[in-house]
A.B. asks: 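Please read through the structure below; I'll follow up with questions.
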Amino acid sequence: MKTPGGAVLAQIPNGLSALRFALAGAWVELAIRGHQARMPFAIVALLAAGSDFIDGRIARRLGVASGSGRWLDGIADVTFVLAALTCEAAAGSIPYYIPILIALSFSQYAADSAFIGARNAGPIKSRLGHWGGIINYALAITLAVAPPPEIPGVIVGSAAPLIALFYIAAIMERAWLLYRSR
């Protein structure tokens, strides 16, 4: 028998995922206002990464994991990451091709998952996609805490071509999965 409190608890993972939409807006607002202090950006980035880290774990623990929750999680992730990294590209911290490749990679991931995946199963997992998510948050956190001209930010900017190769490899992996599924 389900209790009203159980229904509320079941929404915690989705609420944590949805929080990333608000955090994306907060990042954009800070960037538009020209906020120079890095602490607010760092707090936003860490809250986003933390909510991504725990939302699925809580859903599985509560027994409420679902395909729609996995889609919400992925869309919330890419919304936050693209908002943050596009702002950072506009600030000159990274080249614009980084958020563009992330958007292309996620679009392909979503399309392939919808095409290949079982109905209502959620997005198809990918090893490179998982590591891509980790890299995405690492970029956002690093640029939040220590953007160029600080050394970590300079390293991220200098490593952009290698990071781009990773995203291209992820796109190729998805294409290979699609080809093999036929």
Side-chain angles (χ1 to χ4, degrees), residues 17-53 55 71-115 123-179:
S17 294
L19 172 65
R20 291 193 291 285
F21 294 110
L23 293 170
W27 190 294
V28 171
E29 180 67 20
L30 288 167
I32 287 172
R33 290 181 182 256
H35 208 290
Q36 297 301 312
R38 297 315 292 181
M39 185 59 72
F41 287 102
I43 291 168
V44 168
L46 291 170
L47 284 171
S51 71
D52 183 41
F53 182 76
D55 59 356
W71 277 112
L72 176 63
D73 179 49
I75 292 167
D77 286 342
V78 79
T79 299
F80 174 78
V81 166
L82 288 177
L85 296 183
T86 300
C87 288
E88 292 303 315
S93 299
I94 56 172
Y96 275 105
Y97 62 77
I98 294 295
I100 290 169
L101 284 170
I102 292 169
L104 288 173
S105 181
F106 182 81
S107 297
Q108 181 189 24
Y109 166 71
D112 289 355
S113 292
F115 183 71
I124 295 174
K125 294 181 181 180
S126 131
R127 285 182 309 233
L128 290 180
H130 173 76
W131 284 105
I134 293 169
I135 290 169
N136 293 343
Y137 277 107
L139 290 172
I141 292 167
T142 300
L143 293 172
V145 174
E150 295 189 39
I151 292 173
V154 170
I155 291 170
V156 166
S158 298
L162 293 175
I163 296 166
L165 287 175
F166 172 84
Y167 292 122
I168 291 167
I171 290 168
M172 291 173 63
E173 178 194 39
R174 300 297 304 183
W176 176 248
L177 289 174
L178 177 61
Y179 173 77

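Owing to the predicted nature of the structure, the values given are computational and were not obtained by experimental measurement. Residue numbers start at 1 and run along the sequence shown.
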A.B. asks: Taking all heavy atoms of Pro99 and all of Leu85, pick out the closest pair and write down the distance.
C.D. replies: CG-O, 4.0 Å

A.B. asks: Can you name the nearest heavy-atom pair linking Pro147 to Ser93, along with the distance?
C.D. replies: CB-OG, 4.2 Å

A.B. asks: Considering only heavy atoms from C-beta outward, does the side chain of Phe53 approach that of Tyr137 to under 4.5 Å?
C.D. replies: no

A.B. asks: Roughly how far, to the nearest 0.5 Å, is the CG atom of Leu101 from the CG atom of Leu165?
C.D. replies: 9.5 Å

A.B. asks: Distance check, rounded to the nearest 0.5 Å: Ile98 atom CD1 versus Thr86 atom OG1?
C.D. replies: 11.0 Å

A.B. asks: Are any non-hydrogen side-chain atoms of Val28 and Cys87 less than 4.5 angstrom apart?
C.D. replies: yes

A.B. asks: Rounded to the nearest 0.5 Å, how far does CD1 of Ile43 lie from CG of Leu47?
C.D. replies: 7.5 Å

A.B. asks: Does Glu88 reach the main-chain N or O of Ile94 with its side chain, forming a donor-acceptor pair under 3.5 Å?
C.D. replies: no

A.B. asks: Hey, are the side chains of Phe21 and Ile75 touching, using non-hydrogen atoms and a 4.5 Å cut-off?
C.D. replies: yes

A.B. asks: Might you point out which heavy atoms bring Pro149 and Val154 nearest each other, and give the distance in Å?
C.D. replies: O-CG2, 3.6 Å

A.B. asks: Considering non-hydrogen atoms only, spot the tightest contact between Ala83 and Trp27 and give its length.
C.D. replies: O-CD1, 4.3 Å

A.B. asks: Nearest 0.5 Å, what's the CG-CD1 distance between Asn136 and Ile102?
C.D. replies: 4.0 Å

A.B. asks: Can you list the steps and then say if Arg20 with Thr79 is a side chain to side chain contact (heavy atoms under 4.5 Å, CB included)?
C.D. replies: CA-CA 8 Å; Arg20 291 193 291 285; Thr79 299; over 6 Å; no

A.B. asks: List in chain and number order the residues that pass salt bridge (charged side-chain N to carboxylate O under 4.0 Å, His left out) with Glu150, two or more places apart in sequence or in another chain; answer none if no residue qualifies.
C.D. replies: none

A.B. asks: Is the backbone of Leu143 close enough, under 3.5 Å, to the side chain of Arg38 for a donor and an acceptor to pair up by distance?
C.D. replies: yes

A.B. asks: Return the minimal non-hydrogen interatomic distance between Ile141 and Ala49, and the atom names on each side.
C.D. replies: CD1-CB, 3.9 Å

A.B. asks: Do you know the tightest heavy-atom contact between His35 and Phe41?
C.D. replies: O-CE1, 3.4 Å

A.B. asks: CD of Glu173 to CH2 of Trp176: how many Å apart, nearest 0.5 Å?
C.D. replies: 11.5 Å

A.B. asks: Output the distance between atom CD1 (Ile135) and atom NE2 (His130), rounded to the nearest 0.5 Å.
C.D. replies: 10.5 Å

A.B. asks: Run the side chain to side chain contact (heavy atoms under 4.5 Å, CB included) test on Asp52 and Phe80 for me, step by step, so that the C-alpha distance in whole Å, both residues' side-chain angles and the decisive distance to 0.1 Å come before the verdict.
C.D. replies: CA-CA 10 Å; Asp52 183 41; Phe80 174 78; over 6 Å; no

